[in-house]
J.: 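Sharing a structure, written as structure tokens. Questions coming.
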Amino acid sequence: MIDFLTNALSVYHASDYIIKKLNETGGFTELKTDEAWKLEPGHGYYVCPFGTTVIAFRTGSAAASMGMPDKQDKLRIIASHTDHPGFRVKENPEVKQGSYVKLNVESYGGAILNTWLDRPLGAAGCAWVRGKDGRAAKFLVDFDGPAFVIPNVAIHMNRKINEGIELNKQIDMLPLAYAQEVHAQETHALNDSNEKGYSFREELAYHIHRIHNVSVNPEDILSYDISIYNAEKPVYVGRDRELLMAGGIDNVSSEKACLDAITGIEDNQGIVISAFFDHEEVGSRSKNGADSTILANIIERICISLGYDRNEYLAMVMNGEFLSLDVAHANNPNHPEKYDPTSGVSLGSGVTIKCSSRQNYCTDADMTAQLLELAGNNGVKCSVNYLRSDIPGGSTIGSILSSQLPMRSADIGIPILAMHSAMETMGAKDQAYMEELVRGSGSPAQAA
């Protein structure tokens, strides 16, 4: 878990980490979306369309055309998302303010803004550089730890700060990137014309060379997609170090469970899929988000390659099972009134089955029963959770996907505190319960 958290610095890094782990198992072959697929039963494959979404799957030993799919040919899907709230760097981001240079950023998702203040921040993502062959070259980039800070205003200049201050995303949330050294005798004459300056593209070029040993001219950087991240390392807290604090627990905890499930399968009868989607935190409405046809298209291509016709494909979908993995809200000990009085969950309570009659979550009673039985049989802590009726909470990719791929489904996750904070908190043992439930006593296909 710590390894995943420290490597998933951006959606590109998370996808890269997932792919590396798939390749390390030796049982997965990369597929290209613009090529014909020739799949074999009993093998693992993956596809990474658009760079930030990964779909990995295994075709079971019995997954071949044998007429209408029977119960052993069941389609099982586990899905999570790779993005988390934060900030993205805009084009021409340098904003000069006296001797300071700030970065112009755009907020991404529903971040708790004040948790990003006064923390060491890093930057990571992808940059595209003009290539010699006329095609842009793509490079993963990380600024290698703390590089920025978003400073608070001192209480002496803002006496009402503890009464609650609304933060302006365009004014208050710009990271400080550079502070020019100023000699006392020069202070009175300081202006933008004599400032040494700071170039974000020069910084990108430096880190591309540092990481990839490729010399790049800043003017040859055509575009970039760079996220600001919390550069603090994950840390265990609590009397028995039973709690884990880190940035990005939402949703690395679920990504890891999905990844361990698909890489841990030794054999299965049907088709098992682990999907990792981008853009969940901004509504999933993109080509690489869950609210696209990407997963349905891939499943159909899998079925066609294995010899199923469309009638068999549709039957397999309707007979399938789907788990949406995303974190749940743990009761905050300082505000118990914010949570349901009879079904609230806490850190250390294991796996949460998330339910909502408004269909914010895709959980149905059939899958709830199956999961509770599976949990009981495998010694997994598991509970059913509803939110307060007067607090709608959030939503997941679960309802989106279950409306496109109608099958029995459930939303599950580990409970965390301060969801969407720059630093979230989870129960360390809850992750093991989640992975065990998805694994299903040594067979992920049983739980997926």
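These values consider heavy atoms only, across backbone and side chains, with no hydrogens, waters or symmetry-generated copies.
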J.: Name all residues meeting the ring pair (Phe, Tyr, Trp, His ring centres under 6.0 Å) criterion together with Tyr45; count only those two or more places apart in sequence or in a different chain, and write none if there are none.
T.: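 Once residues adjacent in sequence are excluded, the partners of Tyr45 under the ring pair (Phe, Tyr, Trp, His ring centres under 6.0 Å) criterion are Phe57.
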J.: With a 4.5 Å limit on heavy-atom distance, are the side chains of Thr115 and Met423 in contact?
T.: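 Side chain of Thr115 against side chain of Met423, heavy atoms only: no contact under 4.5 Å found.
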J.: When you look at CD of Glu373, are more than 12 heavy atoms from neighbouring residues, nucleotides or ligands closer to it than 6.0 Å?
T.: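 For Glu373, atom CD is not crowded (no more than 12 foreign heavy atoms under 6.0 Å).
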J.: Any donor-acceptor pair under 3.5 Å linking the side chain of Glu219 with the backbone of Asn217?
T.: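 Not a single qualifying donor-acceptor pair exists.
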J.: Determine whether the side chains of Tyr17 and Asp3 contain a donor N or O and an acceptor N or O closer than 3.5 Å.
T.: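 On atom types as modelled, these side chains qualify, holding a pair under 3.5 Å.
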J.: Quick check against the 3.5 Å criterion: does Asp430 have a side-chain atom that pairs as donor or acceptor with the backbone of Gly413?
T.: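 Not a single qualifying donor-acceptor pair exists.
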J.: Answer yes if the side chains of Thr352 and Asn385 hold a donor-acceptor pair under 3.5 Å, and no otherwise.
T.: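 The answer is no; no qualifying pair exists.
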J.: Tell me if a side-chain donor or acceptor on Ser343 pairs with a main-chain N or O of Tyr386 at a distance below 3.5 Å.
T.: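 Yes: the side chain of Ser343 pairs with the backbone of Tyr386.
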J.: Is it the case that more than 12 heavy atoms not belonging to Lys138 sit under 6.0 Å from its NZ atom?
T.: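 Enclosed.
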J.: Please answer whether the main-chain N or O of Asp278 pairs with a side-chain N or O of Asn288 as donor and acceptor at a distance below 3.5 Å.
T.: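 Such a contact is absent between Asn288 side chain and Asp278 backbone.
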J.: May I have the list of side-chain donor-acceptor pairs in residues 404-412 shorter than 3.5 Å, sequence neighbours left out?
T.:
residue : atom : partner : partner atom : Å
Gln404  : NE2  : Asp291  : OD1          : 3.0
Arg408  : NH2  : Asn319  : O            : 3.4
Ser409  : OG   : Cys362  : O            : 2.9
Asp411  : OD1  : Ser324  : OG           : 2.6
Asp411  : OD1  : Thr396  : OG1          : 2.8
Asp411  : OD2  : Cys362  : N            : 2.8
Asp411  : OD2  : Thr396  : OG1          : 3.0

J.: Would you say His207's side chain and Val141's backbone share a donor-acceptor pair under 3.5 angstrom?
T.: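 No; judged by distance alone, with no hydrogens or angles, the pair does not exist.
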J.: Looking only at side chains, do Thr342 and Asp340 share a donor and an acceptor under 3.5 Å apart?
T.: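 A pair is found: one side chain offers a donor N or O, the other an acceptor, under 3.5 Å apart.
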J.: Would you check if the side chain of Lys354 reaches a backbone N or O of Val327 as a donor-acceptor pair within less than 3.5 Å?
T.: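 Here the side-chain-to-backbone pair exists.
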J.: Take the angle between the ring planes of Tyr108 and His279 and call it parallel below 30°, perpendicular above 60°, tilted in between.
T.: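 Judged by the thresholds at 30° and 60°, the geometry between Tyr108 and His279 is tilted.
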J.: Should the pair Lys96-Glu94 be classified as a salt bridge under the 4.0 Å nitrogen-to-oxygen rule?
T.: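 No.
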J.: If we ignore angles and hydrogens, is there a donor and acceptor under 3.5 Å between the side chains of Asp142 and Tyr229?
T.: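 The criterion, which ignores hydrogens and geometry beyond distance, is satisfied for Tyr229 and Asp142.
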J.: Quickly, which of Trp128, Phe200, Tyr12 forms a ring pair (Phe, Tyr, Trp, His ring centres under 6.0 Å) with Tyr224? Name it, please.
T.: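 Between Tyr224 and the candidates, ring pair (Phe, Tyr, Trp, His ring centres under 6.0 Å) is satisfied uniquely by Phe200.
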J.: Is it the case that atom NZ in Lys90 sees more than 12 heavy atoms from other parts of the structure closer than 6.0 Å?
T.: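 Atom NZ in Lys90 is packed in, count exceeds 12.
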J.: When you measure from the side chain of Lys287 to the backbone of Ser292, do you find a donor-acceptor pair of N or O atoms at a distance under 3.5 Å?
T.: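 Here the side-chain-to-backbone pair does not exist.
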J.: Taking C-beta and beyond as the side chain, do Ile228 and Ile150 meet within less than 4.5 Å on heavy atoms?
T.: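 In short, these two side chains do not touch, never coming nearer than 4.5 Å.
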J.: Is the positively charged end of Lys256 above the ring of Phe4, judged by distance under 6.0 angstrom from the centroid and angle within 45° of the axis?
T.: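 Here Lys256 fails the 6.0 Å and 45° test against Phe4.
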J.: Measure the spacing between CG of Leu372 and CE of Met367 and express it to the nearest 0.5 Å.
T.: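 Leu372 CG to Met367 CE: 11.0 Å, rounded to 0.5 Å.
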J.: Within a strict 4.5 Å, meaning less than it, do heavy atoms of the Asn360 and Leu387 side chains meet?
T.: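 A side-chain contact is absent here, since even the closest heavy-atom pair is not under 4.5 Å.
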J.: Between Tyr46 and Asn23, do the side chains contain an N or O donor and an N or O acceptor separated by less than 3.5 Å?
T.: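 The answer is yes; a qualifying pair exists.
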J.: Do Arg135 and Asp133 sit within salt-bridge range, that is, some charged N less than 4.0 Å from a carboxylate O?
T.: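 Salt bridge flag = no for Asp133 with Arg135.
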J.: Between Asp326 and His81, is any side-chain donor less than 3.5 angstrom from a side-chain acceptor?
T.: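 Side chains of Asp326 and His81: pair found under 3.5 Å.
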J.: Tell me whether the rings of Trp116 and Phe87 are parallel (<30°), tilted (30 to 60°) or perpendicular (>60°).
T.: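 Trp116 vs Phe87 ring planes: perpendicular.
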J.: In terms of heavy-atom contacts, does CZ of Arg285 have more than 12 from other residues, nucleotides or ligands at under 6.0 Å?
T.: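 Count not over threshold, so no.
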